[in-house]
Amino acid sequence: MEAFLLFVESWWWAAPVAAGAGAAGYRAVTTNRRRARRLELDAAQYEERLAYRSLLAARADSRAAKGDVLATKARRDAPASVLAEARRRAAAMKDREWSASLNLRAARSRIQAARVQYHSRTPGAPLPIEVLVARQDAVTARWLSYETDPAKALAFPQMLDAQHPTTLAFLRAQRDAQELRSAATSDRVTPTTYLAYRDAVGSAEAAFEEAERDALGIARDNVSDLSWGPVTISIPPWLPRAAEMLRTMTGPVESPPSPSAPRSTDPPTPPRPTWPAPAWRSAPPPQG
């Protein structure tokens with residue numbers, strides 16, 4: 001009994017610590033899982049903040065360019081070329097501000113879509129990062145089909161030519177996505193890494209589609225170059241005369257009698273006389 005009490009006195013702290021460690025481990029697992037599930041939403045919110053900052057910067061640049069135009073107008077001795085350049089820069093800044101505004105609207109729309117997907121995602125649904133990995137693997141499988149299928153390799157050799165411009169662009173985009181994949185599939189993925197990997201996968205998909213369209217266009221151009229019209233052959237004027245001469249030379253020719261063959265000394269056979277038919281044959285039949 002004393003030994004048991006001594007054991008309890010020595011190790012009384014082990015149970016709370018173990019319970020605390022288990023709770024911390026469960027919290028870490030569930031937090032990481034929850035963070036991975038809402039990674040797309042967090043990335044969309046981060047992208048919206050970046051778009052808002054870009055809009056503020058573009059708006060400030062547009063106002064500064066507009067002020068330069070007014071300042072140039074105020075100078076009476078300013079050349080016309082300087083005023084035209086200021087107006088051109090102001091127009092460019094205005095277009096940049098409009099583009100930034102559209103990007104902000106798109107980012108806010110993506111936030112709404114990501115929020116709906118996050119709340120409607122079932123526990124067994126694939127995570128956002130797993131969806132991106134599956135998209136990249138699908139593009140890789142589509143490209144490898146041109147190497148494993150001999151018919152496709154012969155029909156579209158440009159897809160296997162690393163020097164072809166569109167194929168080279170796809171291979172570079174795929175390489176960039178592959179380099180970001182290891183960081184994007186780590187335990188703690190930041191929204192910045194997720195956005196970079198998402199954009200890289202989208203660029204690889206777009207580059208592959210462009211490479212396929214280019215290869216298909218080249219194949220169609222090669223087929224359209226073939227001529228299936230009637231074949232015309234010009235006959236030279238001497239060919240019919242040569243054919244007639246050849247036909248005459250190769251026709252049936254009577255061979256002369258051989259000198260070694262004995263000549264027949266018998267007189268020719270006289271023709272057989274023709275006798276008139278009997279009268280009974282030519283008489284008409286008796287009338288009954």
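Sequence positions, counted from 1, serve as the residue numbers for this chain. Values reported hereafter were calculated over all heavy atoms of this structure, with side chains retained and with hydrogens, waters and symmetry mates removed.
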Handout entry: Nearest atoms (heavy-atom pairs only) where S101 meets L55
Key = N-CD1, 3.7 Å
Fill in the blank from the handout: Taken in chain and number order and not counting sequence neighbours, the residues that satisfy side chain to side chain contact (heavy atoms under 4.5 Å, CB included) with L195 are A43, Y46, E47, R198
Exercise for the section: Taking side chain to side chain contact (heavy atoms under 4.5 Å, CB included) as the test, write out the residues that go with D61, two or more places apart. Expected result: M93, R96
Exercise for the section: Tell me, yes or no, whether the heavy-atom count around K94 atom NZ, taken from other residues, nucleotides or ligands under 6.0 Å, exceeds 12. Expected result: no
Exercise for the section: Would you indicate whether the side-chain heavy atoms of I218 and D214 approach each other to under 4.5 Å? Expected result: yes
Handout entry: Ring geometry between Y146 and F156 (parallel below 30°, tilted from 30 to 60°, perpendicular above 60°)
Key = perpendicular
Exercise for the section: Using atom types as modelled and distance alone, determine if a side-chain donor or acceptor of W143 lies under 3.5 Å from a backbone N or O of M159. Expected result: yes
Handout entry: T167 and Q158: side chain donor to acceptor below 3.5 Å
Key = no
Exercise for the section: Determine whether Q136 and Y197 make a side-chain contact, defined as any pair of heavy atoms from C-beta on separated by less than 4.5 Å. Expected result: yes
Completion exercise
Between E147 and L160 the two heavy atoms that sit nearest each other are CG-CD2, 3.1 Å
Problem - Considering all heavy atoms, the nearest D68-R89 contact - result: OD2-NH1, 3.7 Å
Exercise for the section: Evaluate whether atom OH of Y52 has more than 12 neighbouring non-hydrogen atoms of other residues, nucleotides or ligands under 6.0 angstrom away. Expected result: no
Handout entry: Minimum side-chain heavy-atom gap Q174-E179 below 4.5 Å
Key = no
Practice task
Look at the side-chain heavy atoms of Ile, Leu, Val, Met, Phe, Trp and Tyr, link any pair under 4.5 Å apart, and say whether L83 and L70 land in one connected group.
Solution key: no
Exercise for the section: Look at the side chain of E210 and the backbone N and O of A207, then say whether any donor-acceptor pair between them is shorter than 3.5 Å. Expected result: no
Problem - Side-chain donor or acceptor of S203 paired with backbone N/O of D199 under 3.5 Å - result: yes
Handout entry: Value rounded to 0.5 Å, distance of CG in D161 from CG in L171
Key = 10.0 Å
Handout entry: Heavy atoms from other residues, nucleotides or ligands near CZ of R172 exceed 12 (cutoff 6.0 Å)
Key = no
Fill in the blank from the handout: V201 and A177 have their tightest heavy-atom pair at N-CB, 4.3 Å
Problem - Pairwise distance CD(E48) to CZ(R105) - rounded to 0.5 angstrom - result: 13.5 Å
Handout entry: A51 to L104 - nearest heavy-atom pair and separation
Key = CB-CA, 3.9 Å
Practice task
For the pair R142 and E212, find out whether any cationic side-chain nitrogen is under 4.0 Å from an anionic carboxylate oxygen.
Solution key: yes
Problem - Closest heavy-atom pair and its distance - A44, A114 - result: CB-CB, 4.2 Å
Exercise for the section: Measure the shortest side-chain to side-chain distance between Q178 and T140 over non-hydrogen atoms and say whether it is less than 4.5 angstrom. Expected result: no
Problem - D137 and R181 ion-paired at < 4.0 Å - result: yes
Practice task
Just jot down the side chain to side chain contact (heavy atoms under 4.5 Å, CB included) partners of S109, sequence neighbours excluded, or say none.
Solution key: none
Problem - L180 with V133, same ILVMFWY side-chain cluster at under 4.5 Å - result: yes
Practice task
For the residue pair D95 and E97, establish whether any side-chain heavy-atom pair is separated by less than 4.5 Å.
Solution key: no
Exercise for the section: Flag the pair R121 and E40 as a salt bridge only when some basic side-chain nitrogen lies within less than 4.0 angstrom of an acidic carboxylate oxygen. Expected result: yes
Exercise for the section: Evaluate the side-chain proximity of Q117 to R38: yes if any heavy-atom separation is below 4.5 Å, no if none is. Expected result: no
Handout entry: Min side-chain heavy-atom separation T72-R75 under 4.5 Å
Key = no
Handout entry: T148 vs S145, side chain to side chain donor-acceptor pair (under 3.5 Å): CA-CA, chis, key distance, verdict
Key = CA-CA 5 Å; T148 57; S145 65; 5.7 Å; no
Exercise for the section: Please check if F208 and L216 belong to a single hydrophobic cluster, counting links between Ile, Leu, Val, Met, Phe, Trp and Tyr side chain heavy atoms closer than 4.5 Å. Expected result: yes
